[in-house]
Amino acid sequence: MNYTGPIVYMERKKKILKNLSGSRILALGFAVAILVGTVLLYLPVATAKGETTSLVDALFTATTSICVTGLVTVPTFSHWSLFGQAVILCLIQLGGLGVVTCSMIAFLIVGKKLTIKNRRLIQESYNLDNLSGMVNLVRRVVFGTLTVEMIGAVLYMFQFVPEYGPRGIWIAVFNSVSAFCNAGIDIIGPESLRPYVGNPLVNFTTIFLIIVAGIGFIVWWDVKKILSDVLHRRICLRKCWEKLQFHTKIVLFTTALLIFGGALFIFIFEWGNPDTIGNMGMGEKIMACLFQSVTTRTAGFETIAQNRFTDSSGIISMLMMFVGGSPMGTAGGVKTTTMAVLALTTIAYFRGKKNTDVFHRQISEDNRRTATVVVMTMVGCLFILIIFLSAATGFSYLDVSYEITSAIATVGLTRGITAELPFVGKLIVIFTMYIGRIGPITMATAVARRSKEANTSIERPEKRIIIG
């Protein structure tokens, strides 16, 4: 009897896995997590009524959870049982931290050392420049995540425990994890956070979690280091900005500009709209506009129904969603640093400057090329998917554009069409959420790999063409 067949198969399988690039492993990891989540949510025990959920809705929910998007076809608070909600929460946490990071955590728990390939996977998943300190990095990410989520849960409990009793603890924990991971899924009720549009505790706790998670872990550690230096009087307060890393300055400046700029435009466009903020007091108006501006940065929570906003505010919200958060955070989109590089490069061109300078530093040519490719690829995907969803559904152009932008930027905001999507429409949005979650990472690493190969390729004669 020949026993070599299984051995050859295993060797071939091992060789294939060994030769997989980091980008493909990331994509495969998310796909496997989605399939596992789909199976668990398809079980009758996952629903409140003990009935089987349709396969497409189970797949949709698993995808929106692991991709930390927030679009849902069935109400999370009533359709899913406690088991189902727990599965969704685990998927959200897994998606927020990243499949690779969670895998590395499992390795560390069982005492397995990280190989060079493991370290490279972490490097690619967070778009880092070197392989040093990967174990410490994973530990700091996990500790920081759990700490901030715990703070958020405690703050939410002051509101939800008096209101819902013991169930308020579960609501607070779920909401905190979902807000930190920028998932936008909640189990409060049919109106989500709309009843709390004038509640400062719920509003600012959610805003805090979204912003902190969205700016990225690298920014956390840099700001923490500077504040520590100030407290120990190693540097004076007025030199804080000067001592921050270049990346941190770009992230903080761009984030502040987008949040307050977006809130200002929404405030102007919605001032007299009775369906949104028209009948609110000045304080509530400011808070509601600030919340809308922050939540469009890929969080997905809403205190005002999105289909009530004017078309102008809807377009502003889509632009904010497309940009998203910052690198090495839980947010999606093309990232603040990407748009900052493109904007600064455009400004430099108009000023007749060859180089792109900001904060007394020059942005590298590689950064500019990568930013261009990421944005152009995302724009191309966006328009193609809008066309497909329009053809499959027949909804208005603004509603479809909003849905696809929200899905590809992993935001989770909708103008009310998600639950009404036909079967094909759901599949299109599922695919959109998936490529939106892995897209920027795989595109950035692919561009970096190609640029290295280009250095060894044959140089061709340079020619100019007419542009513009």
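Values reported hereafter were calculated over all heavy atoms of this structure, with side chains retained and with hydrogens, waters and symmetry mates removed.
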task = List the steps and the verdict of side-chain hydrogen bond (donor to acceptor under 3.5 Å, both in side chains) for Thr76 and Gln85.
result = CA-CA 7 Å; Thr76 310; Gln85 291 175 2; over 6 Å; no
request  = Going by the side-chain contact (heavy atoms from CB on, under 4.5 Å) test, name the single residue among Val424, Val429, Asp399 that passes it with Leu389.
outcome  = Val429
inquiry  = By the definition side-chain contact (heavy atoms from CB on, under 4.5 Å), identify the one residue from Leu155, Asn199, Leu290, Leu209 that meets it with Phe204.
reply    = Leu290
Over all heavy atoms of both residues, which pair between [X] and [Y] is shortest? Give the atoms and the distance, please.
X	Y	value
Ile428	Ala392	CD1-CB, 3.9 Å
Thr53	His79	OG1-NE2, 2.9 Å
Ala48	Ser78	CB-O, 3.3 Å
Ile92	Val68	O-CG1, 3.5 Å
Ala153	Ala172	O-CB, 3.5 Å
Thr410	Gly332	OG1-CA, 3.3 Å

inquiry  = One pair to check against side-chain contact (heavy atoms from CB on, under 4.5 Å): Phe246 and Asp222. What are the steps and the verdict?
reply    = CA-CA 10 Å; Phe246 183 57; Asp222 191 25; over 6 Å; no
task = For the pair Glu302 and Arg194, find out whether any cationic side-chain nitrogen is under 4.0 Å from an anionic carboxylate oxygen.
result =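 Looking at Arg194 together with Glu302, the answer is yes, because their closest N to O distance falls below 4.0 Å.
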Within a radius of less than 6.0 Å around [atom1] of [X], do more than 12 heavy atoms belonging to other residues, nucleotides or ligands occur?
X	atom1	result
Arg368	CZ	yes
Phe359	CZ	yes
Phe431	CZ	no
Phe253	CZ	no
Tyr196	OH	yes
Phe83	CZ	yes

Out of curiosity, [X] [atom1] to [Y] [atom2], how far, rounded to the nearest 0.5 Å?
X	Y	atom1	atom2	answer
Asn279	Glu284	CG	CD	10.5 Å
Leu89	Asn175	CG	CG	10.5 Å
Leu413	Ser317	CG	OG	7.5 Å
Cys67	Ile408	SG	CD1	11.5 Å
Thr432	Leu427	OG1	CG	10.5 Å
Ile185	Ile88	CD1	CD1	6.0 Å

Tell me if a side-chain donor or acceptor on [X] pairs with a main-chain N or O of [Y] at a distance below 3.5 Å.
X	Y	answer
Thr338	Val334	yes
Thr47	Glu51	yes
Thr69	Gly412	no
Thr52	Pro44	no
Arg437	Gly95	yes
Thr276	Arg308	no
Thr73	Ala419	no
Thr61	Ala58	no

request  = Would you sort out whether Gln292 and Glu270 count as a side-chain hydrogen bond (donor to acceptor under 3.5 Å, both in side chains), showing the intermediate values?
outcome  = CA-CA 11 Å; Gln292 176 67 14; Glu270 300 300 321; over 6 Å; no
request  = Could you check Phe291 against Phe301 for side-chain contact (heavy atoms from CB on, under 4.5 Å), going step by step and ending with a plain yes or no?
outcome  = CA-CA 9 Å; Phe291 188 95; Phe301 290 104; 3.9 Å; yes
Would you say the side chain of [Y] lies within less than 4.5 Å of the side chain of [X], judging by non-hydrogen atoms?
X	Y	answer
Thr418	Phe60	yes
Ser406	Gln306	no
Phe309	Ile266	yes
Met287	Thr303	no
Gln245	Ile218	yes
Val358	Ile250	yes
Leu342	Thr372	yes
Phe160	Ile188	yes

inquiry  = Could you tell me if Thr336 and Ser326 have a donor-acceptor pair between their side chains, going purely by distance under 3.5 Å?
reply    = yes
query = In terms of the angle between their ring planes, are Phe217 and Trp220 parallel, tilted or perpendicular, with boundaries placed at 30° and 60°?
reply = perpendicular
message = Taking the six-membered ring for Trp, are Phe174 and Tyr156 closer than 6.0 Å centroid to centroid?
response =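 No, too far apart.
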task = Could you walk me through whether Thr254 and Thr337 pass side-chain contact (heavy atoms from CB on, under 4.5 Å), step by step?
result = CA-CA 8 Å; Thr254 308; Thr337 49; over 6 Å; no
inquiry  = Apply side-chain contact (heavy atoms from CB on, under 4.5 Å) to residues Arg297 and Met320 and explain how you reach the verdict.
reply    = CA-CA 6 Å; Arg297 308 293 310 293; Met320 299 284 286; 3.7 Å; yes
